[in-house]
Amino acid sequence: MNIFRLFGDLSHLAAIAILLLKIWKTRSCAGVSGKTQLLFAVCFITRYIDLFLHFVSLYNTEKVMKLIYISASVFTCYLIFFKFKATYDGNHDSMRAEFLIVPAAGLACLINTKFDAIEILWTFSIYLEAVAILPQLFLISKTGEAETITSHYLFAQGSYRALYILNWIYRYHYESHVDTIAIVAGVVQTILYCDFFYLYITKVVKGQKIVLPA
Amino acid sequence: DNGQLFHDEL
């Protein structure tokens with residue numbers, strides 16, 4: 001464990017908490033992509049499938065974190081698609097999720113470290129996570145704006161990815177650890193946030209809301 | 001090769 005990974009994971013937890021709090025406090029999921037949240041839930045379930053295959057005793061932080069990620073993302077989906085369904089902006093959340101799921105699944109079967117069910121599910125979750133934010137970014141580009149709290153959520157989510165890149169540089173340097181699939185997918189994912197980072201720094205940090213030109 | 005690959009990141 002190094003400081004980049006620690007802060008990356010904490011940032012990831014913060015992102016999940018910010019989104020849940022936003023939905024819970026405002027009793028609304030307006031501006032939030034249900035598809036992105038559904039894709040993240042699929043990512044966590046397929047990545048941490050080992051939790052369901054073996055008896056889980058909560059003796060280490062990692063397992064607790066995995067369970068938090070899975071339950072929080074499933075709960076977020078429950079809020080969006082059931083409890084606060086009336087506030088869900090389904091018409092604007094129009095990116096086709098299958099266009100992300102199918103290529104991620106296909107690529108996971110073709111490019112993986114080992115052709116084994118658990119390993120392919122892990123690889124699929126990595127590829128899917130790389131593009132899972134796209135429906136959310138697409139929704140913002142369609143509505144032309146993002147609430148400040150949604151921007152904070154995206155910033156925390158993007159920071160988590162950027163910190164993971166620093167973590168990989170650190171691990172390559174000090175531990176000779178290289179996981180090519182995770183690194184390539186992680187870099188792709190981080191690049192997707194760059195445009196948003198620019199808007200966040202030029203608008204949100206200065207107290208303005210993100211409004212895109214029509 | 002012990003069969004199971006070990007992914008230690010979350």
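Naming convention: chains lettered A, B, ... in sequence-line order (proteins, then strands); numbering from 1 in each chain.
For a residue to count as touching a neighbouring chain, one of its non-hydrogen atoms must lie under 4.5 Å from one of that chain's; by this rule A:F44 does not touch chain B.
In this structure, the side chains of A:I70 and A:I45 come closer than 4.5 Å at one or more pairs of heavy atoms. The shortest distance between side-chain heavy atoms of A:P103 and A:Y127 does not fall below 4.5 Å. Looking at heavy atoms from C-beta onward, A:Q136 lies in side-chain contact with A:T150 at the 4.5 angstrom threshold. Counting heavy atoms from C-beta outward, A:D50 and A:K66 have side chains that approach closer than 4.5 Å. Looking only at side-chain heavy atoms (C-beta outward), A:D179 and B:E9 stay at 4.5 Å or farther from each other. Residues A:I111 and A:T123 fail the side-chain proximity criterion, which asks for heavy atoms closer than 4.5 Å.
Relative orientation of the A:Y69 and A:Y48 rings is parallel, given thresholds of 30° and 60° on the angle between their planes.
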Fill in: Stepwise ring-ring contact (aromatic ring centres under 6.0 Å, His included) check, A:Y160 with A:Y164
CA-CA 6 Å; A:Y160 142 64; A:Y164 254 70; 5.4 Å; yes
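In terms of heavy-atom proximity, A:Y200 sits nearest to A:I210 at N-CD1, 4.2 Å.
The interface of residues 170-177 of chain A with chain B, defined by heavy-atom distances below 4.5 Å, comprises A:R171, A:H177. Of all residues in residues 27-42 of chain A, none places a non-hydrogen atom less than 4.5 angstrom from a non-hydrogen atom of chain B.
Chosen from A:E62, A:M1, A:R47, A:R5, the residue pairing most often with chain B at heavy-atom distances under 4.5 Å is A:R5.
The backbone N or O of A:A108 sits less than 3.5 Å from a side-chain atom of A:N112, completing a donor-acceptor pair.
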